[in-house]
Amino acid sequence: MAQNRARKLVRQSRALGIALTPKAERYMQRRPYRPGEHGRGRVKESDYSVRLKEKQRLRAQYGLREAQMRRAWNEARREEGMAGENLIELLEMRLDALVLRAGFARTIAQARQVVVHRHIMVDGNIVDRPSFRVQPGMIVQVKPRSQASPQFLVAAQGQHADVLPAVPEYLRVELEKLRFELVRRPKRAEVPVVCDVQMVVEHYSR
């Protein structure tokens with residue numbers, strides 16, 4: 001089952017033109033084109049398909065269902081400022097996204113799993129909802145009983161750094177202690193996701 005999931009993510013990565021996992025990135029270096037027998041051919045995309053693809057790319061990078069993405073968009077629209085930038089900032093404040101950025105996991109799926117399996121504490125309380133919105137000043141850490149497990153020992157040694165972007169400035173990370181603090185709300189320019197935000201806005205505003 002895990003192998004089928006990994007294969008699906010590779011195909012999805014090739015279709016979207018962005019590596020969603022380290023395995024997909026290695027595969028795309030060898031085959032940097034869409035999957036299928038016509039993958040090497042040129043495709044004339046409509047304006048709608050271009051905007052849809054950009055929305056799907058953003059959604060895939062956070063591993064969200066469409067209903068989750070739509071709720072985040074509706075919330076972003078109600079906030080002051082630019083809705084597109086608000087959307088990415090809100091998505092980035094999800095607990096699973098920040099667990100990934102801090103280097104506690106290698107992929108967003110793995111980050112979601114460690115949250116759901118109750119390995120993560122926020123301000124001293126276990127939180128098992130990946131969608132939990134972390135607020136500036138909150139302390140997130142791996143619970144003490146989980147810190148000795150192999151997956152977190154590997155993370156504490158910084159061994160995920162080879163597949164992750166540099167830790168963004170809105171996080172203060174103590175990796176050896178498996179803890180971090182969200183210092184302030186992320187800014188769109190700092191968030192390491194590949195996305196043309198305006199295309200996403202146009203897709204949802206149509």
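Being a predicted model, the structure only gives us computed values, none of them experimental.
Residues Pro168 and Val191 form no side-chain contact, since every pair of their non-hydrogen atoms from C-beta on lies 4.5 Å or further apart. The closest side-chain heavy-atom distance from Leu98 to Val140 is not below 4.5 Å. A 4.5 Å side-chain heavy-atom check between Leu64 and Leu91 finds at least one atom pair inside the cut-off. Considering only heavy atoms from C-beta on, Gln198 comes within 4.5 Å of Glu202 through its side chain. Contact annotation: the side chain of Leu171 never approaches that of Val183 to less than 4.5 Å [non-hydrogen atoms, C-beta and beyond]. Proximity of Met121 to Pro144: side-chain heavy atoms (C-beta onward) are separated by under 4.5 Å at one or more points.
Taking both residues in full, the closest heavy atoms of Ala76 and Ala83 are given as CB-O, 3.5 Å, listed atom of the first, atom of the second, then distance. Considering every non-hydrogen atom in both Val173 and Ala102, the closest pair reads CG1-O, 3.8 Å. What you find for Pro192 and Glu92 is that their closest heavy atoms are CD-OE2, 4.3 Å. Of all the heavy atoms in Val116 and Pro130, the pair that sits closest is CG2-CG, 3.7 Å. When all heavy atoms are compared, the tightest approach of Val193 to Arg101 is CG1-NH2, 3.5 Å. The nearest pair of heavy atoms linking Gly103 to Leu164 is CA-CD1, 3.7 Å.
For residues 109-128, every residue pair satisfying the salt bridge (charged side-chain N to carboxylate O under 4.0 Å, His left out) rule, not counting sequence neighbours, is listed here: Asp96-Arg112, Arg118-Asp128. Sorted by first and then second residue, the salt bridge (charged side-chain N to carboxylate O under 4.0 Å, His left out) pairs involving residues 62-75 (not counting sequence neighbours) are Lys55-Glu66, Arg59-Glu66, Glu75-Arg133. Within the structure, ring-ring contact (aromatic ring centres under 6.0 Å, His included) contacts touching residues 105-140 (residues at least two apart or in different chains) are His119-Phe152. For the ring-ring contact (aromatic ring centres under 6.0 Å, His included) condition, the pairs that include at least one residue of residues 61-116, sequence neighbours left out, are Trp73-Tyr204, Phe104-Phe180. The list of salt bridge (charged side-chain N to carboxylate O under 4.0 Å, His left out) pairs with a residue in residues 157-171, not counting sequence neighbours, reads Arg106-Asp162.
With rounding to the nearest 0.5 Å, the separation of CD in Glu79 from CG in Leu90 is 4.5 Å. A distance of 9.5 Å separates CG of Asn125 from CE of Met138, quoted to the nearest 0.5 Å. Note that the CG atom of Leu100 and the CZ atom of Arg94 stand 12.0 Å from one another [nearest 0.5 Å]. To the nearest 0.5 angstrom, Glu89 atom CD is 9.0 Å from Glu190 atom CD. Separating the CD atom in Gln113 from the CD atom in Gln110 is a distance of 7.0 Å, to the nearest 0.5 Å. To the nearest 0.5 angstrom, Ser46 atom OG is 12.0 Å from Lys53 atom NZ.
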- request: Walk me through it: do Arg57 and Glu54 pass the test salt bridge (charged side-chain N to carboxylate O under 4.0 Å, His left out)?
  value: CA-CA 5 Å; Arg57 292 175 80 182; Glu54 203 63 34; 3.5 Å; yes
query: Taking it one step at a time, do Gln141 and Leu178 satisfy side chain to side chain contact (heavy atoms under 4.5 Å, CB included)?
result: CA-CA 6 Å; Gln141 67 182 89; Leu178 292 170; 5.8 Å; no
message: Working note: Met69 + Leu58, criterion side chain to side chain contact (heavy atoms under 4.5 Å, CB included); need CA distance, chi angles, decisive distance, verdict.
response: CA-CA 9 Å; Met69 189 77 165; Leu58 178 60; 3.3 Å; yes
message: Apply side chain to side chain contact (heavy atoms under 4.5 Å, CB included) to residues Ile120 and Val114 and explain how you reach the verdict.
response: CA-CA 7 Å; Ile120 301 298; Val114 301; 4.2 Å; yes
message: Could you go through Leu95 and Arg129, starting from their C-alpha distance and side-chain angles, then the distance that decides it, and tell me whether this counts as side chain to side chain contact (heavy atoms under 4.5 Å, CB included)?
response: CA-CA 8 Å; Leu95 180 57; Arg129 289 189 298 112; over 6 Å; no
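Under a hydrophobic clustering in which Ile, Leu, Val, Met, Phe, Trp and Tyr are joined whenever their side-chain heavy atoms come within less than 4.5 Å, directly or via other members, Val99 and Ile139 fall into different clusters. A chain of hydrophobic side-chain contacts below 4.5 Å, direct or via other Ile, Leu, Val, Met, Phe, Trp or Tyr residues, connects Leu175 to Tyr170.
Residues forming a side chain to side chain donor-acceptor pair (under 3.5 Å) with Gln68 (at least two apart in sequence, or on another chain): none.
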